[in-house]
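Only heavy atoms go into these numbers, but all of them, side chains included; no hydrogens, no water, no symmetry mates.
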Amino acid sequence: MNNLIRVFFFVFFISLILSSCGDSSGDYREQWVGTYAGTKSNRSFEDTMFTADISFDVVIDENSTDGLIVNGINFPISEEGTFGPEFLDEGSDNYELSISGDELRLASFGSIPNGIVLPCYIMATKQ
């Protein structure tokens, strides 16, 4: 009987310790949620002359485990804060997204008939 009680307490303490070591990091996408403001250009990320101001929200897609909605577009984003370059949903736009700290860069290359590509470069900082 004494050994049975010892085994019970040993198993109880081990299970208590293991349950307290669970993953408490939460959703990795939460770090990027917020309002971003910056510029967009059709020339490059380095363009400072032909830019337009832009502001948008970044929110979590609650219907997925990796979806992040950036400027109205749903990206399956990695834990490193990157996506692409890749097409979304077999569409005609090729996207590349990276978020590092509070800085976001989004490049898209949309194609229209006749093979013309329309690039868009967005650089923004979390507000």
Side-chain angles (χ1 to χ4, degrees):
M1 180 72 157
N2 196 16
N3 284 339
L4 184 61
I5 292 173
R6 283 185 183 168
V7 169
F8 173 78
F9 279 113
F10 177 76
V11 171
F12 173 76
F13 285 120
I14 293 296
S15 64
L16 185 63
I17 290 170
L18 291 177
S19 67
S20 68
C21 294
D23 183 11
S24 61
S25 61
D27 191 331
Y28 69 93
R29 301 170 293 174
E30 289 177 2
Q31 63 187 316
W32 302 308
V33 170
T35 300
Y36 287 74
T39 59
K40 68 178 180 175
S41 168
N42 293 94
R43 295 179 175 243
S44 72
F45 285 120
E46 291 76 27
D47 181 19
T48 58
M49 197 165 202
F50 299 100
T51 63
D53 292 336
I54 187 169
S55 179
F56 54 89
D57 292 324
V58 172
V59 296
I60 292 174
D61 173 18
E62 299 293 340
N63 296 322
S64 71
T65 58
D66 64 354
L68 194 66
I69 301 170
V70 177
N71 198 23
I73 303 166
N74 194 344
F75 293 96
I77 195 158
S78 71
E79 291 185 19
E80 291 78 30
T82 60
F83 171 81
E86 194 171 327
F87 292 95
L88 282 175
D89 300 326
E90 300 178 22
S92 61
D93 292 354
N94 192 357
Y95 294 96
E96 185 170 4
L97 171 67
S98 69
I99 308 173
S100 179
D102 288 341
E103 295 183 0
L104 181 146
R105 286 180 165 226
L106 174 60
S108 66
F109 305 94
S111 58
I112 58 175
N114 299 327
I116 298 171
V117 175
L118 301 174
C120 180
Y121 301 91
I122 296 175
M123 284 188 6
T125 304
K126 189 174 180 182
Q127 303 299 297

Partners passing ring-ring contact (aromatic ring centres under 6.0 Å, His included) against F87 (at least two apart in sequence or in another chain):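 Here no residue qualifies.
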Linking I/L/V/M/F/W/Y whenever any side-chain heavy atoms sit under 4.5 Å apart, do [X] and [Y] land together?
X   : Y    : value
I99 : M123 : no
V33 : L106 : yes
W32 : I54  : yes
F56 : L88  : yes

Would you indicate whether Q31, at its atom CD, is surrounded by more than 12 heavy atoms from other residues, nucleotides or ligands within a distance under 6.0 Å?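 Yes, because the 6.0 Å sphere around CD of Q31 holds more than 12 heavy atoms from other groups.
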Do E30 and I60 pass the side-chain contact (heavy atoms from CB on, under 4.5 Å) test, and can you show the C-alpha distance, the side-chain angles, and the key distance before you say yes or no? CA-CA 7 Å; E30 289 177 2; I60 292 174; 3.8 Å; yes
Taking C-beta and beyond as the side chain, do [X] and [Y] meet within less than 4.5 Å on heavy atoms?
X    : Y   : answer
L118 : N42 : no
Y95  : V70 : no
Y28  : I77 : yes
L104 : L97 : yes

Kindly compute the distance separating [atom1] ([X]) from [atom2] ([Y]), expressed to the nearest 0.5 Å.
X    : Y    : atom1 : atom2 : result
Y121 : S44  : OH    : OG    : 7.0 Å
S100 : R105 : OG    : CZ    : 10.0 Å
D27  : E62  : CG    : CD    : 7.5 Å

K40/S108 under side-chain contact (heavy atoms from CB on, under 4.5 Å): CA gap, chis, key distance, verdict: CA-CA 11 Å; K40 68 178 180 175; S108 66; over 6 Å; no
Measure across [X] and [Y] and return the closest heavy-atom pair with its distance rounded to 0.1 Å.
X   : Y    : value
N74 : G67  : OD1-CA, 3.6 Å
P85 : N94  : C-OD1, 3.5 Å
F45 : I122 : CE2-O, 3.5 Å
L68 : R29  : CD1-CB, 4.0 Å
F50 : D47  : O-OD2, 3.0 Å
D93 : G110 : OD1-CA, 2.9 Å

